[in-house]
Amino acid sequence: MPQAANVHFFDAHPAFGDCRSEIVAGLQREQKTLDPKWFYDAEGSAIFERITRLPEYYPTRAEVSILTSQREAIAQRCGLGSVFIEPGAGNCAKARLLLDALRPSAFVPLDISADFLFAAARGVGEDFPWLEVTALCADFRDFRSFEDHLPVGRRVLFYPGSTIGNLDPDHAIEFLSEARDLVGADGGALIGVDLHKSTGRLESAYNDAQGVTAEFNLNILRRVNDLVGSDFDPDRFAHRAFYNERLRRIEMHLVSEQTQSVCIDGLPFHFEAGESIHTESSYKYSVEDFSDLAARAGLQRRETWLDHDGLFALHYLEP
Ligand code: AVI
């Protein structure tokens, strides 16, 4: 397919690491764990898309309502004509909502999944012909692998979706510190964060009536079977999600419905009935808690926009 003149690609061939030893180490912990990054193969990403449209799952709708109703104010705050960088860009749907108002000098979607990223970047280039799009297949944490390919200019990082909530607070601080280093002293960061709120509202968002979140959670077992040849039977596990009020995080688990053993290459993992694998945490922050977290990474909160119902926050931060 011919490539539009305004779209550039660079593949840094990000290393995926040794998934087998990572998965084994997680299952050997006292609280068995699987990293939520394993949710997102093509099938898992498609199930997540369905989650974002569920009546109970408010974060996507709330954030989109902020991005559409406040786009001019957001653009003024971020500064026009910057290099707009989105790690984990996926389909770039949220960045698209800002591009006309922001008029960035370049848009840099960054993702570790090359095919999906390049198709999404091509689509942005076609729909915004005035915009320079530089798609980088790279690991955001490995700045050196892509820094030579970043267009010149003041940088603004965009990290929507409360994806930062899937990191525990120490890792979120590390991520924000790396973001601060990337954007430099004159840059900025626009970060979407789900707000702490009533347990009932949060728990229903992760326990939808149609069972789509359960399907998403259980799909990780199929993915792990594909990755390491394990013999998880998803029918023998059940989805469980609850709000841990002390730690202010939704925890998703897969609970073994019976005593069973699962093998990876002859290596057995024993499950008691009722024992769980912790598959995801989704931290929720008040505006003040997130300001404190960002400050620990050397970023100051300059402005925050909330949706009409006060469910979700979009923060603009600067070093
Ligand atoms: C991607 N991430 C911000 C979602 C969340 O809400 O933590 C993932 C998700 N897990 C279950 N539902 C949605």
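When a ligand or atom number is given, it counts from 1 through the structure's own listing order.
Cys92 is listed as a side-chain neighbour of Pro109, based on a closest heavy-atom distance under 4.5 Å.
Shortest non-hydrogen contact noted between Arg71 and Leu97 is NE-O, 3.0 Å.
Sorted by first and then second residue, the pairs that involve residues 297-319 and meet ring-ring contact (aromatic ring centres under 6.0 Å, His included), not counting sequence neighbours, are Phe290-His315.
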One pair per line, please: each N/O atom of ligand 1 matched with every protein N/O atom under 3.5 Å away, atom names first, then the distance to 0.1 Å.
unit_1   : atom_1 : unit_2 : atom_2 : d
ligand 1 : 2 (N)  : Asn166 : OD1    : 2.9
ligand 1 : 6 (O)  : Tyr57  : OH     : 2.5
ligand 1 : 6 (O)  : Tyr206 : OH     : 2.5
ligand 1 : 7 (O)  : Asn166 : ND2    : 2.9
ligand 1 : 7 (O)  : Ser282 : OG     : 2.7
ligand 1 : 10 (N) : Glu280 : OE1    : 2.7
ligand 1 : 10 (N) : Glu280 : OE2    : 3.4

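In this view, Arg296 satisfies the salt bridge (charged side-chain N to carboxylate O under 4.0 Å, His left out) rule with no residue, not counting sequence neighbours. Take Ala214 and apply the side-chain contact (heavy atoms from CB on, under 4.5 Å) test, not counting sequence neighbours, and it matches His239.
Aromatic ring orientation, Phe39 versus Phe216: parallel (interplanar angle below 30°, classes split at 30° and 60°).
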